[in-house]
Amino acid sequence: MQTDAKNPQDYLDALPEERKAAMNQLRKTVIENLPNGFQETMSYGMLGYVVPHDLYPKGYHCKPELPLPFINIASQKNFIAFYHMGIYADKSLYDWFVTTYPKHAKMKLDMGKSCIRFKKMDDIPFELIAELVSKISVEDWISTYESNFIRK
């Protein structure tokens, strides 16, 4: 479910009551654990955590006027989505997450290439998300991004 919210707080304020606590906690977890240099913004109608143009002027190769995306969180119709591009781009990070997830959650992992879906608000493993978010610095993300997505 995308929104026309102009900033993260407007996005959160517009959520249904049953989603607000979980989304606010997820946002807080990301912000508190995100390495320096990433910036919170609205991105693709979701909360986005990006490498700003002042650190990576090339922007996103698909749409260079946009900053380089890293993490997005969103309240979708049937779940809360946590998108992490590092999991998509780094097999060792993906393997670590998939192996570690069952130690932190009661529910089976529901995941796509970069999207982790949480259908039950009380089963979001915030400690694991905090650890995942903290694992990649801006410099590491730029390097991983360029080696995986930019043709030379």
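Quick caveat: nothing in here was measured; it's all calculated off a predicted structure.
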Checking side chain to side chain contact (heavy atoms under 4.5 Å, CB included) for the pair K28/F126: CA distance, chi angles, key distance, verdict?
CA-CA 10 Å; K28 180 180 176 190; F126 294 108; over 6 Å; no
Pair L34, I71 - check side chain to side chain contact (heavy atoms under 4.5 Å, CB included), show working.
CA-CA 10 Å; L34 200 61; I71 292 173; 4.1 Å; yes
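The environment of OH in Y94 is sparse: at most 12 heavy-atom neighbours from other residues, nucleotides or ligands sit within 6.0 Å. At most 12 non-hydrogen atoms from other residues, nucleotides or ligands lie less than 6.0 angstrom from CD of E127.
Rounded to the nearest 0.5 Å, atoms OH (Y83) and OG (S43) are 11.0 Å apart. The structure places NZ of K113 at 10.5 Å from CE of M85, a figure rounded to the nearest 0.5 Å. Taking CD1 of I142 as the start and CG of L68 as the end, the distance is 6.5 Å to the nearest 0.5 Å. To the nearest 0.5 Å, the span separating NZ on K119 from CG on D110 amounts to 4.5 Å. Atom NZ of K120 sits about 13.0 Å away from atom CD1 of I80, to the nearest 0.5 Å. Separation of atoms OH (Y49) and NE2 (H84) is listed at 12.5 Å; rounding is to 0.5 Å.
Among W141, Y56, F70, the one residue that satisfies the ring-ring contact (aromatic ring centres under 6.0 Å, His included) test with F38 is F70.
Panel note: side chain S143, backbone E139; no donor-acceptor pair is recorded below 3.5 Å. A donor-acceptor pair under 3.5 Å is absent between the side-chain atoms of T100 and the main chain of F97, judged by distance alone. Looking only at distances, a side-chain donor or acceptor of D123 sits under 3.5 Å from a matching main-chain atom of K106. Under a 3.5 Å cut-off, the side chain of N148 and the backbone N or O of A89 do form a donor-acceptor pair. In this structure, the side chain of R19 engages the main chain of F79 through a donor-acceptor pair within 3.5 Å. Looking only at distances, no side-chain donor or acceptor of K58 sits under 3.5 Å from a matching main-chain atom of P64. Under a 3.5 Å cut-off, the side chain of N33 and the backbone N or O of I129 do not form any donor-acceptor pair. In terms of modelled atom types and a separation under 3.5 Å, the side chain of D90 and the main chain of G86 share no donor-acceptor contact.
Cluster membership for L132 and M107, using ILVMFWY side-chain heavy atoms within less than 4.5 angstrom, is not shared. A continuous path of hydrophobic side-chain contacts links I31 to L12 [ILVMFWY only; heavy atoms under 4.5 Å]. Using a 4.5 Å cut-off between side-chain heavy atoms of Ile, Leu, Val, Met, Phe, Trp and Tyr, with links allowed through other members, V133 and L93 fall into the same hydrophobic cluster. Under a hydrophobic-cluster definition in which Ile, Leu, Val, Met, Phe, Trp and Tyr are linked whenever side-chain heavy atoms come within less than 4.5 Å, directly or via other members, V50 and Y44 are assigned to different clusters.
The two atoms that bring I136 and D140 nearest to each other are CG2-CB, 3.8 Å, heavy atoms only. Taking both residues in full, the closest heavy atoms of N72 and G48 are given as ND2-CA, 3.5 Å, listed atom of the first, atom of the second, then distance. Shown here for P52 and P67, the closest heavy-atom pair between the two residues is CA-CB, 4.1 Å. Contact detail for Q9 and N7: the closest heavy-atom pair is N-OD1, 3.1 Å. S114 and Y88 get closest at one heavy-atom pair: CB-CB, 3.8 Å. Minimum interatomic distance between F118 and P125 (heavy atoms only, all atoms of both residues): CE2-CD, 3.4 Å.
Using the six-membered ring where Trp is involved, H61 and F149 have ring planes that are parallel, under 30° apart on the 30 and 60° scheme.
Side chains of Q39 and L55 form no contact here, defined as non-hydrogen atoms less than 4.5 Å apart. The shortest distance between side-chain heavy atoms of V138 and N36 does not fall below 4.5 Å. In this structure, E131 and W96 have side chains that are in contact, with non-hydrogen atoms separated by less than 4.5 Å. At a threshold of 4.5 Å between non-hydrogen side-chain atoms, the residues L47 and V30 do not count as touching. Side chains of Q76 and R117 form no contact here, defined as non-hydrogen atoms less than 4.5 Å apart. You'll find the side chain of M121 stays beyond 4.5 Å of the side chain of K20, heavy atoms only.
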